[in-house]
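Worth saying up front: this structure is predicted, and the values here are computed from it rather than measured.
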Amino acid sequence: AHFQESDEVLATKVLRLLEKDIVPIFCIGEQLSEREKGEEFKIVENQLTKGLFYLDKDAFERIIIAYEPVWAIGTGLTATPEQAQKMHAHIRQLIEKQYSVEVAYNTYILYGGSCNSKNALELFSCQDVDGGLIGGASLKAEEFIEIINAAETSVKSD
């Protein structure tokens, strides 16, 4: 949104990265106004469809997806664990419908959007949240270490 890149531009970037054997982390998410209208699932589905679902199975399996609600980026706001889980489960269902159960299960879906040491364990413990895409909190060593510890704890409890 910040760079006003079209779906076509993003799709081309994904292809170029894959051609160079670079793993794309494809970020998707809705604006606050879209969530308030109840359109968040439709918005994310459109982003996946236009941005990734043209890929064949082998290419798609090389992608990492990050659900990053735009309204939470750098705002200090974050999705609740329930909101994050619902969206991540929705994303996984869309992947399953497009490709297969196996592909859906093996696709990493990260949560981004003001993830910090206070909410990381709760977010990472959600069934369909595979980890975090950490922004500003990664610039503070002690904070980042606490997030890493939360990730390790959530893995041990799985």
Side-chain angles (χ1 to χ4, degrees), residues 1-18 22-55 59-99 101 103-140 143-144 146-148 150-151 154:
H2 181 73
F3 293 107
Q4 300 170 347
E5 295 174 316
S6 68
D7 294 321
E8 294 77 21
V9 168
L10 295 175
T12 300
K13 285 183 171 189
V14 167
L15 287 174
R16 296 301 161 264
L17 291 167
L18 290 171
I22 298 172
V23 175
I25 300 175
F26 194 80
C27 298
I28 55 177
E30 77 283 359
Q31 303 282 344
L32 183 58
S33 61
E34 294 165 333
R35 177 167 278 276
E36 289 172 341
K37 293 178 194 171
E39 297 175 345
E40 65 271 21
F41 297 110
K42 181 179 130 189
I43 296 296
V44 164
E45 182 173 1
N46 287 339
Q47 291 170 344
L48 283 171
T49 299
K50 293 175 181 177
L52 296 177
F53 283 173
Y54 62 91
L55 296 170
F60 183 85
E61 289 180 316
R62 297 168 48 206
I63 304 290
I64 295 173
I65 296 173
Y67 169 60
E68 195 165 22
V70 178
W71 51 269
I73 300 170
T75 64
L77 299 174
T78 190
T80 65
E82 295 80 17
Q83 290 171 323
Q85 172 54 33
K86 281 184 183 178
M87 183 58 77
H88 282 240
H90 176 67
I91 294 165
R92 208 169 297 281
Q93 289 169 354
L94 293 169
I95 297 167
E96 180 180 333
K97 183 178 171 186
Q98 180 69 24
Y99 296 101
V101 172
V103 172
Y105 179 77
N106 289 320
T107 299
Y108 287 106
I109 307 172
L110 309 177
Y111 176 78
S114 295
C115 187
N116 57 52
S117 62
K118 293 176 184 69
N119 61 24
L121 180 59
E122 203 171 15
L123 287 165
F124 298 165
S125 295
C126 293
Q127 179 179 347
D128 289 296
V129 177
D130 297 318
L133 182 66
I134 313 303
S138 69
L139 301 175
K140 302 171 191 161
E143 176 82 3
F144 195 48
E146 288 184 41
I147 294 169
I148 292 167
S154 72

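- Between the CG atom of Leu139 and the CZ atom of Phe144 there is a distance of 9.5 Å, given to the nearest 0.5 Å.
- With hydrogens and angles disregarded, no donor-acceptor distance shorter than 3.5 Å links the side chain of Ser117 to the backbone of Glu143.
- Shown here for Cys27 and Leu133, the closest heavy-atom pair between the two residues is SG-CD2, 3.7 Å.
- No donor-acceptor pair closer than 3.5 Å links the side chain of Asn46 to the backbone N or O of Ile43.
- When all heavy atoms are compared, the tightest approach of Gly113 to Glu68 is N-CG, 3.9 Å.
- Atom OG1 of Thr80 sits about 8.0 Å away from atom NZ of Lys86, to the nearest 0.5 Å.
- Between the CG atom in Asp130 and the OH atom in Tyr111 there is a gap of 15.0 Å [rounded to 0.5 Å].
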key: CA sep, side-chain torsions, deciding dist, call: Ser33, Gln31, side chain to side chain donor-acceptor pair (under 3.5 Å)   = CA-CA 5 Å; Ser33 61; Gln31 303 282 344; 5.9 Å; no

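- A perpendicular orientation is assigned to the rings of Phe53 and Tyr99, their planes being inclined by more than 60° (bins at 30° and 60°).
- Using a 4.5 Å heavy-atom threshold, the side chains of Lys13 and Glu5 count as touching.
- In this structure, Ser125 contributes its side chain and Glu122 its backbone to no donor-acceptor pair below 3.5 Å.
- Contact between Cys115 and Ile147 at its shortest, heavy atoms only, is O-CD1, 4.0 Å.
- Within the 3.5 Å criterion, the main-chain N or O of Ile91 finds no donor-acceptor partner in the side chain of Tyr67.
- Between Ile28 and Leu52, every side-chain heavy-atom pair lies at or beyond the 4.5 Å cut-off.
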Verdict with reasoning, Val44 to Gln47, per side-chain contact (heavy atoms from CB on, under 4.5 Å) = CA-CA 5 Å; Val44 164; Gln47 291 170 344; 4.1 Å; yes

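- The distance from atom CZ of Arg35 to atom CD of Glu40, rounded to the nearest 0.5 Å, is 4.0 Å.
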key: CA sep, side-chain torsions, deciding dist, call: His90, Leu48, side-chain contact (heavy atoms from CB on, under 4.5 Å)   = CA-CA 11 Å; His90 176 67; Leu48 283 171; over 6 Å; no

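- Shortest non-hydrogen contact noted between Ile63 and Pro24 is CD1-CG, 3.6 Å.
- The shortest heavy-atom contact between Met87 and Glu30 is CE-OE1, 4.1 Å.
- The main-chain N or O of Gln127 is found under 3.5 Å from a side-chain atom of Gln85 such that the two form a donor-acceptor pair.
- In this structure, CZ in Phe60 is found 4.0 Å from CD1 in Ile65, a value given to the nearest 0.5 Å.
- The main-chain N or O of Ile109 is never found under 3.5 Å from a side-chain atom of Asp128 such that the two would form a donor-acceptor pair.
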task = Go through Phe41 and Leu94 one step at a time and tell me if the side-chain contact (heavy atoms from CB on, under 4.5 Å) criterion holds.
result = CA-CA 10 Å; Phe41 297 110; Leu94 293 169; over 6 Å; no

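- The number of heavy atoms from other shown groups lying within 6.0 Å of OH (Tyr54) is above 12.
- Shortest non-hydrogen contact noted between Ala150 and Ala120 is CB-CB, 3.8 Å.
- If you take CZ on Arg62 and OG1 on Thr107, they are separated by 13.5 Å, rounding to the nearest 0.5 Å.
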